[in-house]
Amino acid sequence: MAGMAVDASDEPMAGAPMAKERTDLAGQTNQADQRGHVLVVDDNRVNRLTLARGLESQGHTVALAENGERALAMVRAEPFDVVLLDIVMPGMDGFEVLGRMKADPALRDIPVIVISAVDEVESAVRCIELGAEDFLPKPFDPVLLRARLRASLAKKNLRDLEVAYLRQEVTLRQNEKLATIGRLSAGLAHELNNPAAAALRGAGLLRTAVADLLDAQTRLDALDLAPAERAALHQLDATARARAADPTDMDAIAQIDHTARLETWLEEREIARAWEHAPTLASLAFETRDLDAVRRTFGDARLPAVVAWLGHTYTVYSLLEEVAQGTGRIAELVKALKTYTYLDRAPVQAVDVHEGLDSTLVMLRSKLKHGITVRREYARDLPRIQAYASELNQVWTNLIDNAADAMEGKGEIVLRTRQDGEWVVVEVEDNGPGIPAASQSRVFDPFFTTKPPGAGTGLGLNISHTIVVRKHGGNITVASEPGQTRFEVRLPLRLPPAAPDTPGRAPPG
Ligand SMILES: Nc1ncnc2c1ncn2[C@@H]1O[C@H](COP(=O)(O)OP(=O)(O)O)[C@@H](O)[C@H]1O
Ligand SMILES: [Mg+2]
């Protein structure tokens, strides 16, 4: 079985559930004989029938093939649990049937027991080397037949279970990835919502604001302004535009006082809709002395038209600013999303680790916003590394997400990077409660979680481990005490030469 334990060897867990299923099954196989669907391949009719009778008496179902071609057609057409294969046959012999079965991923796992006469032991050995499970000497001994078949069927059964388990695990991992994407998109939707609403509101209000401004402009044009007055208007326009782009925050009380002062000033000059213009002029940071200056330039008669024009001008600039900021923020989020997912880029790239960390922070912003501060201690001139960009982001997401969960919304996360020879080291540290010593060795195990159902799957760190160790030939470790938990990820500058996903590749370092 050892060779078959797929590639769990460098996983820190050796899969508790898998181990359990194995023992269950082993216990079960000892209790009763396995019954299976057996294909007997022999050109000798007497041999075929003898074997069939023996097998059927042991409870198996049997199909017969008289040559190699027929045998291959049959294993392709229906599922067999084991094949009993004669070696010497006219046409396609046993070697070739075996070779073709082992070369075909769909047939590779069906155990083959070769039937050999005593003087064919050499051939039987060769068949075993070619991947046959076992051999059965002629003439047939019912006890031996039963034993060999039982062993093969038990192994086949285990293998089937293992495949089923691995399939299930793959599904779970994909589900975890989808769940993460789901959580991130919920956060992102939340982040997009405010700027989108602001832009939409601004665009809506601009419709009336532009109409109002055109109106005010028409009235102003009717006044036949002198060149000096036109120059003064130009100046006011520039001020309004600059203020809109850079509004000063004023506390609420001061703002009310300011507005009240302006409103009184306007009312005293009998300017219509003073209540409407006063707040706008206040946002514009106009003081009464600025209004005095306007009055001196334009005179009392023209003052109302100029004030109205100024107010509407400022309103239009402010709304344009609001739309620009909202859409700018949306564009920024979309850009981060693109970086995060590395949309339409090759899976293996020269990755800027900082870029990945930053886009992950944007994606997690709504989770980190309240009460959690993030400090970035990035190394200068950190080299790019050859890596699977979007999978690394999955690692950063899991680590930062866990840190935020652990701190329950309050605390500090430090992201640290450095180069260490041929390695790039990334640390994610938090000042949360820490991981109890007894759990530290288990956090990378699949399904280890201390979170309530629905909140945690226990797969985040396991998946991160697989990505770092197995896909990148790196290393991930944790050091934790109350008040400080630090995950350290070491990644080689270049991916190791072995093909990614190669089972059992030893992690370097
Ligand atoms: N920064 C951390 N601080 C404290 N505990 C942590 C931290 N990171 C991980 N853990 C522990 O490790 C467990 C496994 O993490 P993970 O594999 O991401 O699964 P999940 O987050 O779904 O529980 C968590 O449930 C938690 O108990
Ligand atoms: Mg997690």
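Atoms within each ligand, like the ligands themselves, are counted from 1 in listed order.
- No side-chain N or O of Thr339 forms a donor-acceptor pair with one of Ser359 less than 3.5 Å apart.
- A donor atom on one side chain and an acceptor atom on the other are found under 3.5 Å apart for Asp358 and Tyr378.
- Side-chain atoms of Ser366 and His190 include no donor-acceptor pair closer than 3.5 Å.
- Ligand 1 lies out of reach of Phe444, whose nearest heavy atom is not under 4.0 Å from it.
- Closest to atom 23 (O) of ligand 1, if we only count protein heavy atoms, is Thr449 OG1, 2.5 Å.
- Close contacts between ligand 1 and Gly456 involve ligand atoms 22 (O) [criterion: under 4.0 Å to a heavy atom].
- Among protein heavy atoms, the minimum distance from atom 17 (O) of ligand 1 is reached at Leu461 N, 2.8 Å.
- Rounding to the nearest 0.5 Å gives a distance of 11.0 Å between CG of Leu149 and CD of Glu133.
- Ranking the protein heavy atoms by distance from atom 12 (O) of ligand 1 puts Val443 CG1, 3.4 Å first.
- None of Arg376, Arg486, Arg375 except one satisfies the salt bridge (Lys or Arg N to Asp or Glu O under 4.0 Å) rule with Glu429; the exception is Arg486.
- In this structure, Ile435 has a heavy atom closer than 4.0 Å to ligand 1.
- Judged by distance alone, the side chains of Thr239 and Tyr314 never bring a donor and an acceptor atom under 3.5 Å apart.
- Considering backbone and side-chain atoms together, Lys451 places an N or O closer than 3.5 Å to an N or O of ligand 1.
- Regarding atom 3 (N) of ligand 1, its nearest protein heavy-atom neighbour is Ala406 CB, 3.2 Å.
- For the Mg ion (ligand 2), the N/O/S atoms of Asn402 include one lying under 2.8 Å.
- For the ligand labelled ligand 1, residue Ala455 lies outside the 4.0 Å heavy-atom shell.
- The shortest N/O to N/O separation between Asp405 and ligand 1 does not fall below 3.5 Å.
- Checked options Val428, Val468, Val424, Val353; the residue passing with Val489 is Val468 (criterion: side chain to side chain contact (heavy atoms under 4.5 Å, CB included)).
- For the 3.5 Å distance criterion, the side chains of His472 and Glu391 fail to qualify, holding no donor opposite an acceptor.
- In the candidate list Val478, Asn431, Thr457, Leu399, Thr457 is nearest to atom 22 (O) of ligand 1, counting heavy atoms.
- At least one heavy atom of Gly458 sits less than 4.0 Å from an atom of ligand 1.
- At the top of the distance list for atom 27 (O) of ligand 1, counting protein heavy atoms only, stands Thr450 OG1, 2.4 Å.
- Rounded to the nearest 0.5 Å, atoms CD (Glu377) and CZ (Arg416) are 4.5 Å apart.
- Judged purely by distance below 3.5 Å, without hydrogens or angles, the side chains of Lys451 and Asn402 pair a donor atom with an acceptor atom.
- Between Asp430, Asn462, Asn402, Thr397, it is Asp430 that holds the heavy atom closest to atom 1 (N) of ligand 1.
- Shortest contact from atom 13 (C) of ligand 1 to any protein heavy atom: Phe448 O, 3.8 Å.
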